[in-house]
Protein chains: 2
Amino acid sequence: METTRGAERQRTAAEHRRRELLEAADRVVLRDGPQASMNAIAAEAGITKPILYRHFGDKGGLYRALAQRHTDALLSALRAALDAPAHRRERVEATLDTYLAAIEARPQVYRFLMHPADDAAPSPEQGFDVGRHSAPLLRRLGEELGKVIAERVDLGPDGEQTARIWGHGIVGMMHAAGDWWLGDRPCSREQLVRSLADLLWGRLAEVGDLPGGPVF
Amino acid sequence: METTRGAERQRTAAEHRRRELLEAADRVVLRDGPQASMNAIAAEAGITKPILYRHFGDKGGLYRALAQRHTDALLSALRAALDAPAHRRERVEATLDTYLAAIEARPQVYRFLMHPADDAAPSPEQGFDVGRHSAPLLRRLGEELGKVIAERVDLGPDGEQTARIWGHGIVGMMHAAGDWWLGDRPCSREQLVRSLADLLWGRLAEVGDLPGGPVF
DNA sequence: ACCATGCGTTACCTGCGGTAACAACAGTCT
DNA sequence: AGACTGTTGTTACCGCAGGTAACGCATGGT
């Protein structure tokens, strides 16, 4: 019964191949951005399209596999920042800074993760399928952060719901501010981090009106 | 010299035509989502592709024109909420609610605005052009809100910078939370609005730790 | 009468995602 | 050994998208 060992060897070989293909895809995405074509990826890997399709099914499959690697990496970095032994404010600042540093270091990857072209199947369903399309990374980050908040912070009844809302909200804040900052570079990373943390710390509620504002 | 009058009449006719085309495109986008094809739009308008291209240049042009209409509409609604004569907290809640109500009412339009396929030109520039691609609507909203904050709130030195950061951050928060909420519908709109406003009001900084958290 | 201009068409090109259909080679079973 | 099976790779193709060139046809100014 040599089949099992042979099958196993073939399986590990396939996984190895898969990793090679993903690395090639990575290089192309890093170069061409999110609209990298399957042809280009296949060429970079030194093979032709159908092999890619045999390994990943369709473009969405490849992109999902590719995205998961980076998402996992980013998530573990963020978790480290969230888990640091420090006060809450410092942890929040560290998390923001980790995210911003990551997108600053590899903008093309970030761009790919956030805007994976269209991916989603044509989905002839009539119902609103809004949401499934948009950057799975954002969703995952939001859910993850929501879980962490729910675990660590005492929000009373309905706390879990609130924590999820906050998780998605904070991630969205981080993302949009980071996206804008990465484009225009209007200030240093430190200042951006501090301002966002200030926002989360309720400074908006505390500061006074300027003259000429509404009467109330 | 009849040319001027004739030219003028033709110009207004062209503008009229343009509006008709935009309305047809609107209908198709409302039905097919953001991946509406030029062929489909032309068919809906009762004409053929080249006319569309003569009017709007390329797909990006049409989509930009289409987006601006909706963006303007949404922006004016938001401005109304921001300008209401009420306390800051109420204005913030009203703004959040206005946005959420809008995306709830017409998800396909919202989806189109946020993810206009690829739009951006192939841009052979080498430098990172990150940012220009992603939803111009988010940028515009962020800038707009930043301006309003800078006008109304006293943030001391560097206030304008801070206001812009906050503008983009808050808009991103609203957007991500709204996107998630629209997909999963985990709670009522009122609760979402209240939780987000709470977040902006610094509740994250105030609430206590749960037992079992980090030692610090 | 003439011709410039704008609206509209048909027919085409390119490049994409995706899929047959077939060639070559490994190891397996008898 | 030799037939059998499954994996790896190829070429050639389909359908559809965005985009364009070349041509008909009306209209209105000179």
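Scope of the values below: all heavy atoms of this structure, side chains included, with no hydrogens, waters or symmetry mates. Residue numbering restarts at 1 for every chain, and letters A, B, ... go by the order of the sequence lines.
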By nearest-heavy-atom nucleotide on DNA chain C, the more 5' of A:R54 and A:M38 is A:M38
Is any side-chain N of the basic residue among B:D83 and B:R152 closer than 4.0 Å to the acidic one's carboxylate O? yes
More than 12 heavy atoms from other groups under 6.0 Å of CD on B:E143: yes
What's the closest nucleotide to the [X] side chain, out of [options]?
| X | options | value |
| --- | --- | --- |
| A:I51 | D:dT10, D:dT20, C:dG17 | D:dT10 |
| B:S37 | C:dC16, D:dA17, C:dT19 | D:dA17 |
| B:P50 | D:dG18, C:dT9, C:dG17 | C:dT9 |

Ring centroids only, cut at 6.0 angstrom: are B:F56 and B:Y63 within range, meaning strictly under it? no
Touch class at under 4.0 angstrom, heavy-atom based, for A:R17 against every strand present: sugar-phosphate
For A:T48, answer base if it contacts any base atom (sugar-phosphate contacts may also be present), sugar-phosphate if it contacts only those atoms, and nothing otherwise; contact means non-hydrogen atoms under 4.0 Å. base
Has the side chain of A:K59 got a donor or acceptor that lies under 3.5 Å from a partner of the other kind on the base of C:dG18? no
Euclidean distance, A:R88 CZ relative to B:L204 CG, rounded to 0.5 Å: 6.0 Å
To the nearest Å, give me how far apart CG (A:L62) and P (C:dG18) are. 10 Å
Mind calculating the distance between NE2 (B:H55) and P (C:dG6) to the nearest angstrom? 12 Å
